[in-house]
Novice: 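The structure's right below; bear with me while I get my questions together.
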2 protein chains.
Amino acid sequence: MVDQIENEGMKSLIENITAIQVESPVDKIIGQLKQLIVSGQLKPGDRLPAERVLSERFGVGRSYIREAILKLEFYGLLRTNPQSGTYVAGLSINVIDNIISDIIKFNKDDFNALIEARYHLELNAVKLAAERRTDEDLESIKSAMEDYEKKASTGGDAVEEDMVFHIKVAKATKNSVIESMILILVPDLIKNIVQNKICGDNRAKTAIEEHRKIYAAIESQDMAKAEEAMASHLDEIWQISKAGFAAQNIINEAEV
Amino acid sequence: MVDQIENEGMKSLIENITAIQVESPVDKIIGQLKQLIVSGQLKPGDRLPAERVLSERFGVGRSYIREAILKLEFYGLLRTNPQSGTYVAGLSINVIDNIISDIIKFNKDDFNALIEARYHLELNAVKLAAERRTDEDLESIKSAMEDYEKKASTGGDAVEEDMVFHIKVAKATKNSVIESMILILVPDLIKNIVQNKICGDNRAKTAIEEHRKIYAAIESQDMAKAEEAMASHLDEIWQISKAGFAAQNIINEAEV
DNA sequence: TGATTATTTTTGGTAAACCAATTAATTGGT
DNA sequence: ACCAATTAATTGGTTTACCAAAAATAATCA
C-alpha cells in the first residue's frame, strides 16, 4: 500500500515516469513506417519489406511488427495478403501522412471531446432510428427502457441500463458504421459518467421522463421530436458532466 | 492466370469458399470470451484466466489470444495490467454482451452506411470547425483547397486531395474523437468513391466552387452557412455515389 | 505471535522457431 | 531459344520458448 500522505506528489511523480516511457514499441514502429512512406522509400501500392526484414531493420521482435501492421490495417492503410505480403494502400502520401500522425495519438480520454462526439452522434442516430425502426427495434428499445426504469426507481445508479437503451436506439438506425462508433464510445462514457457521479435520484426521475419522450417519438416515427427529446436528454447530462468534471478531474485512479 | 471464360461462375465459387472460412480465429475467441462472461463464469471486474490457460482451453496459440484481447481492449471491454493480468471492465453483462456481439461484425464495407455516417459526421464537424478554427487551421485548410484545385483543374481525379481538405476541416474541430472517426472512414471512402467513379471533369469544377463556399464560411465563422455549404457538397457526392454504386456493385475486385 | 524478508510461482512482454502456401529460380527437355 | 516441370527460397500464419516484473507463498527473525 502507498502512504496516504504526500500521495499528490507521488502521483505527479508516477505520471512523469509513465510519461517518459509512454512511447510504446508499436507506435514507434508505426512512426518509422510512416517515415519510410513519407520519405519515398515506400510508395503507395508497394509491398512492404517482409515482416522478418522489418523486424531486423527496426531492431525489434516480429510480434510488434505484426501488431503495428494490424493497427494500420484497421485504418485501411495497409492490406495484407497471406503468403504474399503486406501492401501499402493506394492513397496519396499526403493522406497517409495525415492519418498515421493521428493514429498514434488516438485516445478517447479527452472528456469533453468524448461527450461532444457522443452528443452529435446520438442526435443523428435518433433521427435515423425514428425513421427506420422496425417493430422489433421498438420492442427492444422498450425493453431496455423498462430495465432502466426498474433499476433507477430502486435508487441504484442505472448508468449502464441507460447505455443499453442508447445502444438499442443505435441499432435501430440500420447503419452499422454509426452503430459501431457509438459502441466504441460507450465504455468510456460509462467510465466518465460514473467517475463524475452524474447520477442522482432526482436525475434518474427526470431521465425516465426523457427516455419515454424519446421512445414515443421513435414509435410515432417523428424525427424532429425524437431529435428534440434526445437533445434535451443529452444536454442535461452534458451540463452536469462538465460541472462534475471540473470538480473531480484530479481523481483519476487507474482502475477498470 | 485464370481463364477469362466463366469467370462469373468462378467468382461466385471463390466467394463461397472465402465465405465458409470467414470466421477468423480471433473472432471465434472473442465469441468464446463473450460466452464466458454471459454465462457468468467470468464476472465484470474479474481477472481473465492467464493467456496461457486461455490458449490451452481454446486450443489455439497464445498470439491469437493476445490479438483478441487487444481488440477488446480497443473497445474498452478489457484492461490489461502488465505482469498482473487482464481484467474485465466493470460494465454490466448486458452492455458487454451487446458490444461484443457487434465487434465481431464490425465492417465498413457497407457502402451506404459509410456514406451516410460520413455525411452526418462532417456536417457536425464543419460547424465545430467554423466555430473554433484558428488562423493556423484556416491556413492549412486553404492550402489543402488549393492543392485540390490544382489537381482537379489538370483533369486528374482529385479524390485524395479532396479528402485532405476534409481532414484539415476535421482537425479544426479541436475534437480528437470526431477527428479520429472521420480519419477511420477516409480510406474506405476513397476506395468506394474511386471504385464507383464519382469523379468527372464537370464534377471537379462544381466541387471547387463548393469547397470555396465551405472555406469562406469557416473563415467568417458562420456555422449555419458552413453546414449548408457542406451539406450541398456532400449531397451531390451522395447522389452520384448511389447511382454509380447501383450500376457497378458487381465489380468488387479485391485489390488495394 | 507478528511482521519482514527470501523464494518460488505466475503474469504479460518479447523474441524466436516451425508450418503450409506461394512465389521465384533452376533445371531439363524440346 | 523457349517452354514445362521440379526444386529452392520467401512469405505471412501459428505455435512455442524465454524473460523480467509482480504476486503469492514460505521462511526467518524480533
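Just so it is clear: chains get the letters A, B, ... in the order the sequence lines come, proteins before strands, and each one is counted from 1. What you see is a predicted model; the values in this text were computed from it and never measured.
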Novice: Let me know which of A:I29, A:D27, A:L77 forms a side chain to side chain contact (heavy atoms under 4.5 Å, CB included) with A:K71.
Specialist: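 Among the candidates, only A:D27 passes.
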
Novice: Give the rounded distance in Å between these two atoms: CG of B:L48 and P of C:dT10.
Specialist: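 So the CG-P distance, B:L48 to C:dT10, works out to 18 Å.
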
Novice: Using the rule given for side-chain contact (heavy atoms from CB on, under 4.5 Å), can you reason through B:E51 versus B:I69, listing the C-alpha separation, both sets of side-chain angles and the distance that settles it, and then say yes or no?
Specialist: CA-CA 9 Å; B:E51 293 180 354; B:I69 289 176; 4.0 Å; yes

Novice: Considering only residues two or more places apart or on different chains, which pairs with a residue in residues 158-193 of chain A satisfy ring pair (Phe, Tyr, Trp, His ring centres under 6.0 Å)?
Specialist: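 Checked against ring pair (Phe, Tyr, Trp, His ring centres under 6.0 Å) - neighbours excluded - the pairs reaching residues 158-193 of chain A are A:F165-A:H211, A:H166-A:H211, A:H166-A:H233.
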
Novice: Paired with C:dG12 by Watson-Crick or G-U wobble geometry, both distances under 3.5 Å: which nucleotide is it?
Specialist: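 D:dC19 - that is the nucleotide pairing with C:dG12, both distances being under 3.5 Å.
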
Novice: Considering non-hydrogen atoms only, spot the tightest contact between B:G61 and B:S55 and give its length.
Specialist: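 Answer, listing the atom of B:G61 first, then B:S55: C-OG, 3.8 Å.
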
Novice: Is the closest side-chain donor-acceptor distance between B:D188 and B:N192 under 3.5 Å?
Specialist: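 No, no side-chain donor-acceptor pair sits under 3.5 Å.
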
Novice: Just how far, in rounded Å, is P of D:dA22 from OH of B:Y87?
Specialist: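 Whole-Å distance recorded here is 13 Å.
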
Novice: What is the distance from CG of A:N81 to P of D:dG12, rounded to the nearest Å?
Specialist: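 Rounded to the whole Å, the gap is 10 Å.
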
Novice: Roughly, in whole Å, what's the span from CD in B:E73 to C1' in C:dG12?
Specialist: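 My rounded result for the distance is 11 Å.
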
Novice: How long is the span from the CE atom in B:M181 to the OG atom in A:S180, to the nearest 0.5 Å?
Specialist: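 The distance works out to 10.0 Å.
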
Novice: Give the rounded distance in Å between these two atoms: CD of A:E51 and P of C:dA15.
Specialist: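 The distance from CD of A:E51 to P of C:dA15 comes to 14 Å, rounded to the nearest Å.
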
Novice: Could you run down nucleotides 16-23 of chain C 5' to 3' and tag each one B, S or - for protein heavy-atom contact under 4.0 Å?
Specialist: -BBBBBS-

Novice: Atom CG of B:L54 and atom C1' of C:dT11: how far apart are they, to the nearest Å?
Specialist: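 Rounding to the nearest Å, CG of B:L54 and C1' of C:dT11 are 13 Å apart.
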
